[in-house]
Amino acid sequence: MNTLHIGNRRIAARLLGGFILVALLPLLIIISLTYFISEQALREAITTRLRQIADSKVNAIEAYARERKNDVAILSANPVIMRSIEDLLSAVERDGFNTPGYREAEQKLSPFLRDYIERAGYDDMFLISADGSLLHSVNRPGRAGLNYYAPLQNNSQLALTFDRARTLIDTEISDFAIDPESNQPTAYIAAPVFRNGVNIGVVALQVRNATIYGSVNDTTSLGNSGETVVGTLTEQAVVIINPLRNDPDGKFARSLPRGTGQAVVLQQAAEGVRGDGVTIDYRGVETVGAWRYIPSMRWGMLVKIDTSEAYAPVIRYRQALIVLGSITLIAALAFGTLMARSIYRPLEVLRNAVRRISSGDLNQRVPEVGNNEITELSRSVNKMATDLQALYASIEAKVEARTQELQASNAQLAEARALAEEANKAKSAFLSNMSHELRTPLNAIIGYSELLIEEAVETENEAQANDLNKIHSAGRHLLALINDILDLSKIEAGKMELYLERFRLNDLLNDVTSTIKPLVEKKQNQLIVEASADPGEMYADLVKTRQILFNLLSNASKFTEKGIVTLRVTTGKQQPASYNQQTNGVQSPNTVPFISFEVTDTGIGMTTEQLGRLFQPFTQAEASTARKFGGTGLGLTISRHFSRMMGGDIVVSSSVGSGSVFTVTLPLDVEAATRPPAAQPLPVPALPLDSQQQTILVIDDDPVARDLLERYLTGQGFYVIAAPDGNEGLRLARELQPVAITLDVTMPGVDGWTVLGRLKADPQTASIPVIMLTMVEERNLGFALGAADYLTKPVAWDRLSAALKRHRSSDSQAVLIIEDDTDTRQMLIQMLEKGGWHATGVPSAESGLKFLNTEVPALILLDLTLPGMDGLTFAQTLRRNDRWRNIPVIVITAADLSAVERAELNSYVETVLEKGATSRDALLNEVRSLVGTQVGAP
Amino acid sequence: MSRRLPLISALLLLVCIGAGWWYVNSIAARQTPIRVGVLHSLTGTMAISEAAVVDATLLAIEEINQQGGLLGRPIEPVIVDGASDAATFARAAEQLIINDQVAVVFGCWTSASRKTVKPVFERYDHLLFYPVQYEGLEQSPNIVYTGAAPNQQIIPAVKWSLDNLGRRFFLVGSDYVFPRTANEIIKDQLTALNAEIVGEEYLLLGSTDVEAIIEKIITSKPDVILNTINGDSNIAFFRALRSAGIDSQTTPTVSFSIAEPELRSIDSALTTGDYAAWNYFQSVDSPENRAFVERFRARYGQDRTVSDPMEAAYAGVYLWAQAVTDAQSPAVSGVRQTIKKQSLRAPGGVMYIDPETQHTWKNVRIGQIGSDGQFVIVWNSGKPVRPVPFPLYRSASTWQDFLEQLYSGWGNSWANPGG
């Protein structure tokens, strides 16, 4: 608003400025110039007039003087005068002055001379002899006989004039001086008189000053203040010799000291310097004048006029110009302002209207007054506003439509998103379901085939046993395949989770080598392990590390025949080159200590092309390889993923015929900060065992699993009650108070974890041990419930052996094996005995408890699925007993427990916590106890 | 607006160019020098006197130029050598007028040269400033006489001699128009005043054959010798005079053509105590004169002296400049009008150009030669004396007849050709 206003004013100012610049400024300049030129001309005219007056006065005086000289010159040549002088001279010579003869001669000429001076206007006439005697004076006859060369007289004006005229033989005019007799300014004119070339005397005339003064004091065309000042020089002063207009008594009385005021000008004039200009006169008034030299009189003359009068026209002209100029200026300014206003007023109206339009008031219209550019502009603005209005109306409709479209589109998008999310969920569900759905039947196949094998062995039907063994073996292979595929799927879905724990590298190596040994020996290869005596500990996912090594070693064994497979273990702080390129690995500082497992074989080796495809899933060195060597072809892919997950990598170098070198580098300490350690698997001291209660509650949605469990457990002497879903299970648990509950995790409706939480939240059921049976790994929860280790069923002996080694106590060799399966138990005993353990096997939890009363073993191997009291209950009993609490327990599970993602676990635990504070406290106490025990553990 | 800008710019440019052209033109017009002729003998017998007059003339021109010139224009002197030859003077004058288009000519010393150029100036209606005292009997509308007329030098000197030195006069002069005319006037005056002329002798111009004259002087025993000898002959004359035992005490000489520069070429012992009559002496005691002498010496050297013709020439330039200023143009026609009645505070006193005769009113002075070559002023007219080119006691026509007789007597020459 402000700026706009200023803007308008600027236009007005510019218009005004332009107007002034274009019209007023030149006008003012022209007026000023005209004025100055006119003034100059006027002043020049005045000065010129004064000069002319002065010149004319000089001329008049000079003419007067010349006339007088001519008068006396003519007179001197007049024979009457000559004769008169001669007569008088002879009379004087003859008789002397005042003698009758002299008087006679005087009277003879007197009338003529008197007549002459009266006619010519002189005061007196003198006839003087050459020797200076006054022969005759017309008006002063008594003076005759006076001698002008006599000492008393020779300085008088007349005497001087007489002498000069006589000796210089020329007419002579004296200065005007005060005559002592008349007391009037008087001058004399004299001329020599000759007879035959010889001077006989001088004729002199006394001049009246009146004529000269008449001319000098003529003030014609000198206005009211003009006057003429005539001065003569004396030694010290300039004496004004004419009556002054403003001081009539001034003549000969007013004497101006030299060098002061107008005396300067008069003095200059008297010294021959002519000029004109402005001076201050004897009154102290500024005057303009012209000064001249009068040679005949040696006077300086100043003709002057007061500037106030002389320049009155100039001043009037100036005043008129100022008044006129002011009026013009004011008029021009007013007119200019009006004009500027007439232009910017409509602009202002237009601006205000446009501003209102721009602020949204599209109904605003500009008045279209007149017919000029602004009117046109107004018209355009109005049209624009109209157009805008129309445009806005249509735009609103369009926006409305677009908004609806957008909303629809958004809804679709949301729907699509929901669908996508659903699909994603479905995928996750599919993955877990696959685990369940694929393994459940396999479980049945493997389980039943084992049962049948046992029966066949018992019935000594060898042919059937062989077939069943084939089924069993095929089932296990299928299970392995499925597990691999599931692992890969999990990896690719980003659902693979690390389970980090601290373990001794020696244990790992022993475990791996003992497991791989049969495979190595199968192809008559030799396995060499190159490692330091005690390479120390490692903090990593033990299962995955083991799986990686097993994969590499089994690959090496597969593709090598009668050769050497070497496992070289080195540690160092140098990070491998590939480390930083990890995509899903844990970022670590450069100096992270690393361990490197180098598997070298002397097998067939690979081409560069083969190396390139090596880590791609479902790829083997060549198509025929699968047929020739077997395997899923997923091992390397999974291994690489595992090692990268842990912040390491696998690199390979190979050439055809010279074997291959696979090198796994892993951080010795997989960063715990990004992967917080899960609850440590530590021995559960004891499980409560109530031998009086034989009832087992089986909660499982799968009838096959229910049937299998029933048959297992019933065979173990338990009374088994099955519940097909979680709610039924909870009801039965409260009602029957079973000694243990087997709980399937993946169930429709209320899932296993929820059921577990509710069981633990209910004081009636909290103490009942729950055995989680599921294809989904829930190890951590299991540990939380007090298991030291988990094994999957069917028991893999190598892993059992590794677990035993891991938990070996230094001061005791006694191991209690609680395993209902006799063969398994016998097998375990034999294996442990071989490993230097003192193993005792018992078939049930109850018998295990009895054994514990007599002896405390260093370790307990516990099967979770036991007849009578189950493994979990046994573990709980152990935990409640102070003596047994610290005994490490290795749980042998019936199923291969896969790792449960941490987020899931946490959420379950939280669910538990929220639903029952008591149970949470109990759980936490257990954890603390376990951790505390582990510290003391080997 | 922006489209109109070039038009406005063009207009402004046009105005500027116009103003600039006008200004440059006016400047150029102003800057055009006013040319003036300086016509004197720079060679020949007169060079010794006339070169100094040229110096004085140029000094005045320089001074005016230093003060911003005349009407804003500088004065440019065109200096021409008359070569002490009348015919050369006439040719040079014509050349200055026709070829050099000078506004005025300052020049001539001898009456012979003046009388030869006079018809030229009259023919072209031009203007000559003549700075030397002369015999009078002349009045041309085309000549301004800034030197003395007879009544401004000769007559007062004779009167003074008569009053102070004695009544027996011996007249001696060079045999050309000035001494002849001067002596004619002197004789008239002496006759009128009953004085005695004991001798009248003439010497050819440049002649040193003075012995016969000295003899006559010795024989006639005059009270005063009135000397109108010009040029180098004076040296011989004074030497012979002193050799003959005629000293300035007993028989003083009053010279009319010996000024300060001439004294420098004559042994001071020969002339000390004698007299000369002029309008101006270097020794004139006035602020104006002291400043003038100082300026002249500053310009030409401290050993230089100034003389009456030099002062007259110097003042002539100023008088002419005043006339040009009054006329607002250097054109001859205007200046010839405005030159009349010009007055000036010259070094020698007030000068005033008599409108009738175009001679100047001047003071008259008589000086006695000191041993330093300077004059002690013994008499001063006390006021400017009106110039009277034709002495009153004869009519103008009588004087013209006298001159014509001289001219024809010398075979149409203004000097006795001798032989």
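Keep in mind the model is a prediction, meaning the values are calculated, not measured. Numbered from 1 within each chain, the chains take letters A, B, ... in sequence-line order.
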In terms of heavy-atom pairs under 4.5 Å with chain A, which of B:P391, B:P384, B:A346, B:P355 leads? B:P384

Should the pair A:E271-B:K383 be classified as a salt bridge under the 4.0 Å nitrogen-to-oxygen rule? no

Between CD1 of A:I169 and CG of B:L190, what distance do you get to the nearest 0.5 Å? 8.5 Å

Gap between atom CG of B:L193 and atom OG1 of A:T167 - 0.5 Å precision: 6.5 Å

A:V273 and B:S343 have their tightest heavy-atom pair at N-OG, 4.2 Å

Not counting sequence neighbours, which residues clear side chain to side chain contact (heavy atoms under 4.5 Å, CB included) with B:P347? List them please. B:Y280, B:N289, B:F292, B:E311, B:Y314

Give a yes or no on this: more than 12 heavy atoms of other residues, nucleotides or ligands lie within 6.0 Å of atom CD of B:E196. yes

A:Y149 meets the ring pair (Phe, Tyr, Trp, His ring centres under 6.0 Å) criterion, sequence neighbours left out, with A:F162

Options B:E288, B:Q342, B:R394, ranked by heavy-atom pairs under 4.5 Å with chain A, top entry: B:Q342

State whether the side chain of A:Q268 and the backbone N or O of B:R345 hold a donor-acceptor pair below 3.5 Å, judged by distance alone. no

Counterpart residues, ring pair (Phe, Tyr, Trp, His ring centres under 6.0 Å), relative to B:Y145 (two or more places apart): B:Y134, B:H359

Evaluate the side-chain proximity of A:L168 to B:P156: yes if any heavy-atom separation is below 4.5 Å, no if none is. yes

Honestly, the part of A:A270 sitting under 4.5 Å from a heavy atom of chain B is backbone

Distance-only, no hydrogens or angles: does the A:R274 side chain make a donor-acceptor pair with backbone N or O of B:K341 under 3.5 Å? yes

Residue-level interface, residues 319-326 of chain B with chain A, non-hydrogen cut-off under 4.5 Å: B:Q322, B:D326

Residue B:N151 versus chain A: region with a heavy atom under 4.5 Å: side chain

Exceeds 12 heavy-atom contacts within 6.0 angstrom, atom CD of A:E373: no

If we define contacts as heavy-atom pairs under 4.5 Å, which of A:R195, A:R164, A:E172 has the most with chain B? A:R164

Structural part of A:S76 lying under 4.5 Å from a heavy atom of chain B: neither

Indicate yes or no: does B:E356 engage A:R66 in a salt bridge with an N to O separation below 4.0 Å. yes

A:I200, A:T171, A:N196, A:N59: which one forms the most heavy-atom pairs within less than 4.5 Å of chain B? A:N59

Measure the spacing between CG of B:D188 and CZ of A:F194 and express it to the nearest 0.5 Å. 8.5 Å

Considering non-hydrogen atoms only, spot the tightest contact between A:P295 and B:Y352 and give its length. CG-CE2, 3.0 Å

